[in-house]
Amino acid sequence: ILTKTDKTKRLMLLKSNHYGNLIMQQISNEEKFNKTKPLKPATIQAKFNKSITQIAESYDNTHTSFTKELLKCKTSEPLPNNIYGLPKDHKSGDLKCRPIIAAYNGPSVNLAKYLVKIFLPLLKFVPAHIKDGDDFIDYINKLNNSDQKVYEFGSIDAIDLYSCIPITSTPNITGVIDVLCDFFLQYKGFSEFSYLSQTDLRKLLQLALLEDTTLFNNEVYKQISGLAMGNPFAPIAAIIYMNHIESTLMEKYQHKIIWKRLQDDIFVGTLINHLTLDEILYDINNINPAIKFTLEKSKNNSLVFLDTLI
């Protein structure tokens, strides 16, 4: 099998059984996936569409356009999604892969796209968020033209962010559904969907993040933890979940550090001379036990970040 690799974007030729074993290593993790009984598409469709219809029709008298748009999120003849893997050839040791679930067959794809419409305008309230490499370059240029002195800088990377984000909460860890509901509640006054109740939003998030299944080797699996890479809503959910972690960090480091992030890649700099990047790494690694981070420090006062030499 000829496949693209993960971060290096090279092509790699693997024997079919080796490639299959790499994916099986991921999908056999019982903390992430459960093998489940296959259901008829008609059964999945009826259950999913009933939930969508109940929520949509409850707004028919007050927000007709929302009702119409949400009804378009109903599914038709849903199937388990396919899964493929991107080999991590940039990592040392035994070869592993990043599992990607191609979320276009499952029942939730249209709903996930609609949730993007609901949450995307609210990303302006995520202080660390940068849209792309150009946005980051603009930020660096403004920093260079300011009087701000940066004593130490580097990059922090969240390890396997998508697969480590919990969907539902436990006594020790807040899940992404709760984080998204709290975030929307905080900023709903700035949203055109401010009328959407917390109960209905939670149901929509559960449908979008928990209802899809995956087919591999003629077996059906359900992902029970971690965001499925390939779900259209996953990138925004990850951004907001990281904001949840960062808000705790900033309680201690407000005005003491620079912290800008594109998904799981973070540019960090210290603004006071007695603060070290190692201290920051230690603190963020002790906020949420589900998400861990690594640090790369600048060398000779330079660093490559988002394909940009700083």
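What you find for S225 and P166 is that their closest heavy atoms are OG-CA, 4.0 Å. Of all heavy-atom pairs spanning M12 and P87, the tightest one is SD-CB, 3.7 Å. The minimum heavy-atom distance between I1 and S16, with the atom names listed, is CG1-OG, 3.8 Å. Across all non-hydrogen atoms, the minimal contact from Y59 to I55 is CD1-O, 3.1 Å. Closest approach of I173 and A290 over heavy atoms only: CD1-CB, 3.9 Å. Residues T3 and G85 come closest through the heavy atom pair OG1-O, 3.6 Å.
The OG atom of S146 sits 11.0 Å away from the CG atom of N141 when rounded to the nearest 0.5 Å. Note that the CD1 atom of I245 and the CG atom of N288 stand 4.5 Å from one another [nearest 0.5 Å]. Rounding to the nearest 0.5 Å gives a distance of 7.0 Å between CD1 of I159 and CG of N285. Note: I27 CD1 to L22 CG = 13.0 Å, rounded to the nearest 0.5 Å. The OG1 atom of T276 lies 12.5 Å from the OH atom of Y282; values are rounded to the nearest 0.5 Å. Here the straight-line distance linking atom CD of Q186 with atom NZ of K188 works out to 12.5 Å at 0.5 Å rounding.
Classification of the Y114-F66 ring pair by plane angle, with boundaries at 30° and 60°, yields tilted.
Proximity of a side-chain donor or acceptor of T270 to a complementary backbone N or O of E152 within less than 3.5 Å is detected. Not a single donor-acceptor pair under 3.5 Å links the side chain of T213 to the backbone N or O of Y221. In terms of modelled atom types and a separation under 3.5 Å, the side chain of D160 and the main chain of S163 share no donor-acceptor contact. Listed for the Q26 side chain is no donor-acceptor partner under 3.5 Å among the backbone atoms of N29.
The closest side-chain heavy-atom distance from L70 to I52 is below 4.5 Å. In this structure, F305 and D307 have side chains that are not in contact, with every pair of non-hydrogen atoms separated by 4.5 Å or more. Looking at K149 and L271, their side chains never come closer than 4.5 Å, going by heavy atoms from C-beta outward. The closest side-chain heavy-atom distance from Q54 to K50 is below 4.5 Å. Contact annotation: the side chain of N81 never approaches that of V109 to less than 4.5 Å [non-hydrogen atoms, C-beta and beyond]. Side-chain contact between L227 and F233: absent, with no pair of heavy atoms (C-beta onward) separated by less than 4.5 Å. Side-chain contact between F153 and L277 is absent, with no heavy-atom pair separated by less than 4.5 Å. W259 places a side-chain heavy atom less than 4.5 Å from the side chain of M250.
In this structure, the salt bridge (charged side-chain N to carboxylate O under 4.0 Å, His left out) partners of D278, at least two apart in sequence or on a different chain, are K297. Listed by chain and number, the residues in a side chain to side chain contact (heavy atoms under 4.5 Å, CB included) with E192 amount to none (sequence neighbours excluded). Contacts of D157 classified as salt bridge (charged side-chain N to carboxylate O under 4.0 Å, His left out), with partners at least two apart in sequence or in another chain: K7.
The closest side-chain donor-acceptor pair between D178 and S169 falls under 3.5 angstrom. Of the N and O atoms on the side chains of S197 and D200, at least one donor lies less than 3.5 Å from an acceptor on the other residue. Under 3.5 Å, the side chains of T248 and E251 contain no donor-acceptor pair of N or O atoms.
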All N/O donor-acceptor pairs, side-chain side in residues 34-48, below 3.5 Å, sequence neighbours left out:
unit_1: Q45; atom_1: OE1; unit_2: E77; atom_2: N; d: 2.7

Can you give each donor-acceptor pair under 3.5 Å made by side-chain atoms of residues 260-269, sequence neighbours left out, with the distance rounded to 0.1 Å?
unit_1: K260; atom_1: NZ; unit_2: P127; atom_2: O; d: 2.9
unit_1: R261; atom_1: NE; unit_2: E246; atom_2: OE2; d: 2.4
unit_1: R261; atom_1: NH1; unit_2: Q263; atom_2: O; d: 3.2
unit_1: R261; atom_1: NH2; unit_2: I239; atom_2: O; d: 3.2
unit_1: R261; atom_1: NH2; unit_2: E246; atom_2: OE1; d: 3.2
unit_1: R261; atom_1: NH2; unit_2: E246; atom_2: OE2; d: 3.4
unit_1: Q263; atom_1: OE1; unit_2: Y162; atom_2: OH; d: 3.2

If you look only at distance, which donor and acceptor atoms sit under 3.5 Å apart when one is on a side chain in residues 93-108 and the other is two or more places apart or in another chain?
unit_1: R98; atom_1: NE; unit_2: D6; atom_2: OD1; d: 3.0
unit_1: R98; atom_1: NE; unit_2: D6; atom_2: OD2; d: 3.0
unit_1: R98; atom_1: NH2; unit_2: D6; atom_2: OD2; d: 2.9
unit_1: S108; atom_1: OG; unit_2: A208; atom_2: O; d: 3.4
unit_1: S108; atom_1: OG; unit_2: D212; atom_2: OD1; d: 2.9
unit_1: S108; atom_1: OG; unit_2: D212; atom_2: OD2; d: 3.0

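Under the 4.5 Å side-chain heavy-atom criterion for ILVMFWY residues, a single connected hydrophobic cluster contains both L120 and M242. Placement of V176 and L249 within a single hydrophobic cluster is found when ILVMFWY residues are connected by side-chain heavy-atom separations under 4.5 Å, directly or transitively. A continuous path of Ile, Leu, Val, Met, Phe, Trp and Tyr side chains, each step under 4.5 Å between heavy atoms, connects L122 with L205, placing both in one hydrophobic cluster. Tracing side-chain contacts under 4.5 Å through hydrophobic residues (I, L, V, M, F, W, Y), one reaches Y187 starting from L123; they form part of the same cluster. With hydrophobic clusters built from ILVMFWY side chains whose heavy atoms lie under 4.5 angstrom apart, V220 does not share a cluster with I83.
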| Evaluation steps, side-chain contact (heavy atoms from CB on, under 4.5 Å), between L180 and Y241 | CA-CA 7 Å; L180 289 164; Y241 195 79; over 6 Å; no
| Test log, rule side-chain contact (heavy atoms from CB on, under 4.5 Å), inputs N110 and K72 | CA-CA 8 Å; N110 292 327; K72 293 178 183 177; over 6 Å; no
| field | Residue pair H63, T67: steps toward the side-chain contact (heavy atoms from CB on, under 4.5 Å) verdict | value | CA-CA 7 Å; H63 298 89; T67 297; 5.7 Å; no
| task | Show your reasoning for whether side-chain contact (heavy atoms from CB on, under 4.5 Å) applies to I257 and I280. | result | CA-CA 9 Å; I257 65 173; I280 300 168; 3.5 Å; yes
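Ring-centre distance between F190 and F125: below the 6.0 Å cut-off. Ring-centre distance between F184 and F193: not below the 6.0 Å cut-off. Ring centers of Y19 and Y84: at least 6.0 Å apart, outside the cut-off.
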